[in-house]
Amino acid sequence: MPSVQVIAVPGAEGAGRLRVPGEPDRHVPDLAAAMAELERAHRPRWVLPATDEVYPALLRSGVRLGRFHDLALTEGILLACAGEPGRPRNLAAAVARLRGLPEPADRPPPSRAEQPALFEPERATVPAHGDPLDAAQAVLADQQRRIDADPAPLRLLVAAESAGALAAAEMSHHGLPWRADVHDALLTELLGPRPAGGARPVRLAELAEQIAAAFGGTQVNPDAPASVVRAFKKAGIDVPSTRAWVLREVDHPAVAPLLQYKELARLWVAHGWSWLDTWVHEGRFRAEYVVGGVVSGRWATRGGAALQLPKALRTAVRADPGWVLVVADAAQLEPRVLAALSGDRKLAEVSTSVDLYASLAADSFDGDRAKAKVAMLSAMYGGTSGGAGPLLAVLRNRFPDAVGYVEQAARAGEAGELVRSRLGRTSPPPSAAWRALTGSFEQDEGTERKSRQAARNWGRFTRNFVVQASAADWALTVLASLRRRLAATAPDAQLVFFQHDEVLVHCPAERAATVASEVDSAAAEASRLVFGDTPVRFPLQAATVDCYADAK
DNA sequence: CGAACTTGCGCC
DNA sequence: AAAGGGCGCAAGTTCG
């Protein structure tokens, strides 16, 4: 069912240009209003140079888009597929590439201090010369050709990536409901009252004194690893580092206060009062997501460390009165993805259980869940430390297809080849330095060792890439499906948070059942779209709660 | 003196 | 024999 495709290009001061098939190009003084009108009347497939140049302003005007193609994100995906992920992806660069002209660089991300203009035209990377509508149309046609020429289902990937970009902007627009008073109370309980002028809280000062006392009054700065290592050395203990898991094995009276200090100092520094002041306003935490910010297709964030919110702070995430949070969390996504990718029948059987690791343990590890998990993680990450080697061997014996799949990806990486996700997202090529190091012959022993190590490192990256990127394919497809479904059946529901394999919806309480049901449908649809007819189950568990901390 | 690197830890 | 994927952030340290 082909539908109208409308190209929109932003201009200065909220104006813009529109190209609707079969109509003369239009210059509109208020692009948001014109797009809103077209969206209502035709629900077209929109084509824009870049989501973040236009959509935040549209959202502030109350406009939400449905179907969408983001030229810059698509260009990024296609460049990676061609083995050239470093080249600029903005519209001006893409059209320059088509015409054999120099490619203008991508603009650096805006600093948060910048006051956002309506369409930020000075940041817009539309071509300086020629008609930007012609440029967008030419690039779009070329992208469609490249998508069709690729054996991978890039059409799905591009649709999911574009929908994800809209969802990301909507999440920033709505914001995650955040109770600053609850957060402040938690900080006060753990650290003591908020000190003036950002000074060290009393609880940390007390712990620092205890640490110094435990070292017999030696000067020691608990924030400086080198200082702590020196203090232990003076006490006759050699520690290779001051990582928490290292210190935990050390028998010394300073260890307990040090571990406590590190934990609380981390909370204070990363998510203390100044974080609260900077990132939470009017009851909302507005993260800035960077769609396509990770080569695997995961999102990154800019500022606020939105994807590293400590679990302890989830208690501050509370639904508004009369509203609820629907928390949808994929259970053990990556091993299931590996089962589906590899077509391993036995692992697929194991994956019918919601607790995959428990059933894997029952199958192969005498019921020892911890061993089963270590074995699976070492297959997907390429690690064999801490006794994981023999466990991985058990896994390889029982599930040769699954383990063979990631080991094949590792060998490809060691050979400098590219690997791809299920939907065709492609790993970056190794650097020239890597090729020089691994490709040369007649090496001395030291270089030889370094060369093998570099190859193994890259193999670990590509081994993990096929799983992580395919999991991102699935999660992004879930998000796109859920977004479309909610617009149809629960339009007042808001997507407010997305973290790799978990999505939060904030909605009126009476809408929760509908949202939860759409979560189920989205998971089923994504599994079918990404993995086709697979026996592997991908549970996406939806919990309806008032407080994020109460989910699972 | 600021830039660049290192360390350590939070999340998945 | 040993071999742990992806990110962001802030403080300390070293570099230039």
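We name chains A, B, ... by the order of the sequence lines, and we start the count at 1 in each one. No experiment lies behind these values; they were computed from the predicted model shown. Computed from heavy atoms alone, side chains included, the values below leave out hydrogens, waters and symmetry copies.
- Taking atom C1' in both dC9(B) and dA2(C), one finds a spacing of 25 Å when rounded to whole Å.
- Aromatic pair F285(A)/W275(A): ring centres closer than 6.0 Å.
- Between the CH2 atom of W474(A) and the P atom of dC12(B) there is a distance of 15 Å, given to the nearest Å.
- Note: CH2 (W245(A)) to C1' (dG8(B)) measures 12 Å, nearest angstrom.
- Among the protein residues, T242(A) comes within range of the sugar-phosphate backbone only, with heavy atoms under 4.0 Å from sugar or phosphate atoms but none that close to a base.
- Per the geometry, CG belonging to L267(A) stands 17 Å off P belonging to dC9(C), to the nearest Å.
- Using a 4.0 Å heavy-atom criterion, one finds that R452(A) contacts no nucleic acid atom at all.
- No contact: A270(A) has no heavy atom under 4.0 Å from any strand.
- Side chain of R314(A), nearest nucleotide from dG8(B), dA11(C), dC11(B): dC11(B).
- Proximity of K262(A) to the phosphate of dC9(B): a side-chain N or O atom is located under 4.0 Å from OP1 or OP2.
- The side chain of N221(A) sits closest to dG12(C) out of dG5(C), dC9(B), dG12(C).
- For dA3(C), neither phosphate oxygen OP1 nor OP2 lies less than 4.0 angstrom from any side-chain nitrogen or oxygen of R456(A).
- For P310(A), taking side-chain heavy atoms from C-beta onward, the closest of the listed nucleotides dG6(C), dC9(B), dG10(B) is dG10(B).
- Checked for salt-bridge contact, E263(A) and R266(A) miss the test: no charged N lies under 4.0 Å from a carboxylate O.
- Of the possible donor and acceptor atoms, one in the side chain of H183(A) sits under 3.5 Å from a partner among the backbone N and O of H271(A).
- The distance between atom NZ of K373(A) and atom P of dG4(C), rounded to the nearest whole Å, is 18 Å.
- Between the CZ atom of F465(A) and the C1' atom of dG4(C) there is a distance of 18 Å, rounded to whole Å.
- Among the atoms of the strands shown, none is found under 4.0 Å from any heavy atom of S296(A).
- Stacking of Y381(A) onto the six-membered ring of dG4(C) is not present when judged by under 5.5 angstrom between centres and under 30° between planes.
- Following rounding to the nearest Å, F497(A) (CZ) and dC11(B) (C1') show an atom-to-atom distance of 9 Å.
- The side chain of R243(A) lies closest to dC9(B), out of dG8(C), dC9(B), dA11(C).
- Checked by atom type and distance alone, the side chain of N464(A) pairs as donor or acceptor with a backbone atom of M380(A) at under 3.5 Å.
- The V269(A) side chain lies nearest to dA10(C) when the options are dA10(C), dG8(C), dC12(B).
- Side-chain proximity of V294(A) to dA11(C), dG6(C), dC11(B): nearest is dG6(C).
- In terms of modelled atom types and a separation under 3.5 Å, the side chain of S470(A) and the main chain of V467(A) share no donor-acceptor contact.
- Looking at heavy-atom distances under 4.0 Å, S227(A) makes no contact with the nucleic acid at all.
- Residue R298(A) places a side-chain atom within donor-acceptor reach of the base of dC12(B), judged by atom type and a 3.5 Å distance cut-off alone.
- Ring to ring, H506(A) and F497(A) are not that close: their centroids are 6.0 angstrom or more apart.
- Within the 4.0 angstrom heavy-atom criterion, no nucleotide atom of any strand lies near G293(A).
- Looking at heavy-atom distances under 4.0 Å, A226(A) makes no contact with the nucleic acid at all.
- G389(A) comes within 4.0 angstrom of nothing in the nucleic acid, heavy atoms only.
- Distance from the side chain of R460(A) is smallest for dG4(C) among the nucleotides dG4(C), dG6(C), dC9(B).
- Put simply, CD on Q308(A) is 12 Å from C1' on dA10(C), counting in whole angstrom units.
- Computed from coordinates, the H271(A) NE2 to dC9(B) C1' distance equals 11 Å when rounded to whole Å.
- Taking the side chain of H500(A) as heavy atoms from C-beta on, and the options dG8(C), dG12(C), dG6(C), the nearest nucleotide is dG6(C).
- When V530(A), I77(A), T74(A) are each tested for a side chain to side chain contact (heavy atoms under 4.5 Å, CB included) with L157(A), only one passes: I77(A).
- Checked against dG8(C), dA3(C), dC12(B), the side chain of E502(A) finds its nearest nucleotide in dC12(B).
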